[in-house]
Amino acid sequence: MSQFWKPGTERPRSSLVDDEEGGVLFYSTPPPSSSYGYANLEKQRQRLPVFKYRTAILYLVEYHSTVIIVGETGSGKTTQIPQYLKEAGWAEGGRLIACTQPRRLAVQSVASRVAEEMGVKIGEEVGYTIRFEDKTVQGVTKIKFLTDGVLLREMMDDPLLTKYSVIMVDEAHERSISTDMLLGLLKKIQRRRPELRLIISSATIEAESMSNFFRTRKKNGHATDDNGLKMEPSILSVEGKGYPVEIHYVQEPVSDYLQSAVDTVLLIHEKEAVGDVLVFLTGQEEIDAAVQILVEKASDKTSHFSGLLVLPLYSGLSRSDQDLIFSQTPKGKRKVVISTNIAETSLTLEGVVFVVDSGFSKQRFYNPISDIENLVVAPISKASAKQRAGRAGRVRSGKCFRLYTEDYFVKEMPAEGIPEMQRSNLVSSVIQLKALGIDNILGFDWLASPPPESMIRALEVLYSLGILDEDAKLTTPSGFQVAEIPLDPMVSKMIIAADTLGCSEEILTIAAVLSVQSIWVSVRGKHKGLDEVKLRFAAAEGDHVTHLNVYKGFLQSGKSSQWCYKNYINYHAMKKVVDTREQLCRLVRRLGIVLKSCQGDTQTIRKAILAGFFSHASQLEEYSQNGMYKTVRNSQEVYIHPSSVLFRVNPKWVVYHSLVSTDKHYMHNVIAIDPSWLIEAAPHFYQLKRPNPAIF
DNA sequence: GAGCACTGC
């Protein structure tokens, strides 16, 4: 597969096998699937680095309860190991082989690749499951790809995951919350089901700590169980097939990595051979600034910088902007993509030969005391730096320019990032563990323990919502109902309250809208138009009711994309809202919730919202000139976000959906309320916090 | 009058 090509000529064909670890490949030309004969595919399979280890892997899986596979990008482990297992008989007798991925797109693309290699139709012998999409057939499917979140959900019906013979947890090094939870629970399952085999696949040598975690011994001290199965995890390394990447460091620390990144791109263009450039910065604002500087340079037709084609890449981009990034670089041009971390794991760009690494990314941090999540620009880990550099070695040997010193890399950069578990609000995780019968949350065997303060905060929130009782057990029925609904527990509580109040139709719409990023198109510099359009939908009660108006308008337009375009509404987001709402309706009906509309009674709707969000109440500061509010819970200074329809309206009392913290704490999605509803919705909470209700 | 790294059920 190691083909080279001259710029301007047709690019070599590539396939998804090149990329399973790195996420999803975007083809600039459609893959020539018709030319893949079976024999051809078989040869390709045998050329993958992992093929040499086929016998070893099968031997280890046979005799060890847990196998840890350290494999670099492009080793082929994700697509091949499930097939080896199937060929060795692990799917016989109605059993299933599972392979989990952190991302939905990866699940779909890996599954279709494996189905193609096996010459079967996707959804039959090889299937996949992601939320809202189950492409498996019971009794037929033998290899199943799924997100780790889906496997966690499956445990609620089948706690010991009895239908699986082998579970491969892929991308474990990413340490997402669901991967960490899954690993802790799988360890528990293995104690009850010693015959279950686990394969943990990771790109980094964190294998040692992973191995320690899974090291279990029988009480009698033997390292094997009665059937001779070794309890000691084994570790196997598989090399990748990336090309070498030359690493360059700066001599002196840089004071302005943005400027330095721009300078480096210009230098590469001047001195280096052909090949696209990928620059890692932290966020949209920074990226747009860097793009602008470079575009200005490139627009000077007389300078040789006119050969630069500069493009931004972040998740908020529209479809059409994303298409530009994955299109072929025009003849005589050098493509420069300036990206967030999205290009580190989720998306793979072809043709990158040079990487510029700022050494920073935006990371989420959670403060359990204030209950606020913050996005902070923070230094990346060595593991991330390595991953970023690897992006330069996909088509041929490349170069990575790190905008930090070698000394810093060696002596100061942390080896691994902080697991997400330790940087997040844990309300959803705690309720999920409770639903799985894990009573002692604080004593759970975590791969890395979250801060006790975060767990205590989560328990408090769930208790105040009436989801947990005094003994920290799920309440009946609402605790169990909330656990069944795959949404934030505060949103789920709102849905359950709507059942009693008779406005479930409206609240399900609101829940669906809150689960997408934003239903408005992102408009830089076009705020005026958006604001005017918003007035057409704006409700005096606030944003949630405004969302209902938009949803109604969308349905009345016949779900028209034209209508969305005219109204500054994100069509794809609205389609997702409709989808999600449908799924939620189906789910809550199963829980015995009756769909009913309150026919525009916005007071009832707001009361249902309060049932979940009473702890997010804020009061306008008296005599406040600048719209300052204080939260009722802890007198935190907050403001209504300018995107809200209640911005500058400043009702005396509001309830917000979430806080966004930048230079100020902004309340996102706000409704106006009557404070007496708070006591009505949560007497326990408000009596508890305010023994003297004189403030009302 | 301002801004959202990235996922997932």
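Below, chain A is the first sequence line, B the second, and so on; all start at residue 1.
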How many whole angstroms separate atom [atom1] of [X] from atom [atom2] of [N]?
| X | N | atom1 | atom2 | answer |
| --- | --- | --- | --- | --- |
| A/Asp180 | B/dG8 | CG | P | 17 Å |
| A/Leu182 | B/dC9 | CG | P | 13 Å |
| A/Gln284 | B/dC6 | CD | P | 9 Å |
| A/Arg153 | B/dG8 | CZ | P | 15 Å |
| A/Leu659 | B/dA2 | CG | P | 17 Å |
| A/Lys534 | B/dG1 | NZ | P | 16 Å |
| A/Ile418 | B/dA5 | CD1 | C1' | 15 Å |
| A/Asp288 | B/dG3 | CG | P | 14 Å |

Please pick, from [options], the nucleotide with the shortest atom-to-atom distance to any side-chain atom of [X].
| X | options | answer |
| --- | --- | --- |
| A/Ser346 | B/dC6, B/dG8, B/dA2 | B/dC6 |
| A/Phe647 | B/dC9, B/dG1, B/dC6 | B/dG1 |
| A/Pro486 | B/dC9, B/dC6, B/dC4 | B/dC9 |
| A/Thr147 | B/dC9, B/dA2, B/dG1 | B/dC9 |
| A/Ser315 | B/dC9, B/dC6, B/dA2 | B/dC6 |
| A/Leu375 | B/dA5, B/dC9, B/dC6 | B/dA5 |

Would you say [X] places a side-chain N or O within less than 4.0 Å of OP1 or OP2 belonging to [N]?
| X | N | answer |
| --- | --- | --- |
| A/Arg364 | B/dC4 | no |
| A/Thr340 | B/dC6 | yes |
| A/Ser643 | B/dA2 | no |
| A/Ser518 | B/dC4 | no |

Check your understanding: Closer to the 5' end of DNA chain B via nearest nucleotide, is it A/Leu313 or A/Thr129?
Key -> A/Leu313

Practice item. Could you pick out which residue, A/Tyr666 or A/Asp488, lies toward the 5' side of DNA chain B when each is mapped onto its nearest nucleotide? Key: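 Between the two, 5'-proximity favours A/Tyr666.
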
Check your understanding: side chain to side chain donor-acceptor pair (under 3.5 Å) with A/Tyr404: which residues, sequence neighbours excluded?
Key ->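 Expected list: A/Asp357, A/Arg402.
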
Exercise for review: Would you indicate what A/Ile130 reaches in the nucleic acid, counting non-hydrogen atoms under 4.0 angstrom: base, sugar-phosphate, or nothing?
Suggested key: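 Contact class for A/Ile130: sugar-phosphate only.
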
Practice item. Please work out if A/Val660 contacts a base, only the sugar-phosphate, or nothing of the nucleic acid, heavy-atom cut-off 4.0 Å. Key: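 It contacts sugar-phosphate atoms only.
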
Check your understanding: Do the charged groups of A/Arg175 and A/Glu416 touch, with an N to O distance under 4.0 Å?
Key -> no

Check your understanding: Taking NZ, NE, NH1 and NH2 as the nitrogens, is one of them in A/Arg103 or A/Glu174 under 4.0 Å from a carboxylate oxygen of the other?
Key -> yes

Point to revise | Within 45° cone and under 6.0 Å: A/Lys144 NZ/CZ vs A/Tyr128 ring | key: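 Checked: cation-pi criterion not met.
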
Practice item. Determine the sole option in A/Val262, A/Val279, A/Leu278, A/Val291 for which the side-chain contact (heavy atoms from CB on, under 4.5 Å) test with A/Val336 is passed. Key: A/Val279

Check your understanding: Of all heavy-atom pairs between A/Pro379 and A/Gln363, which one has the smallest distance, and what is that distance?
Key -> O-NE2, 3.3 Å

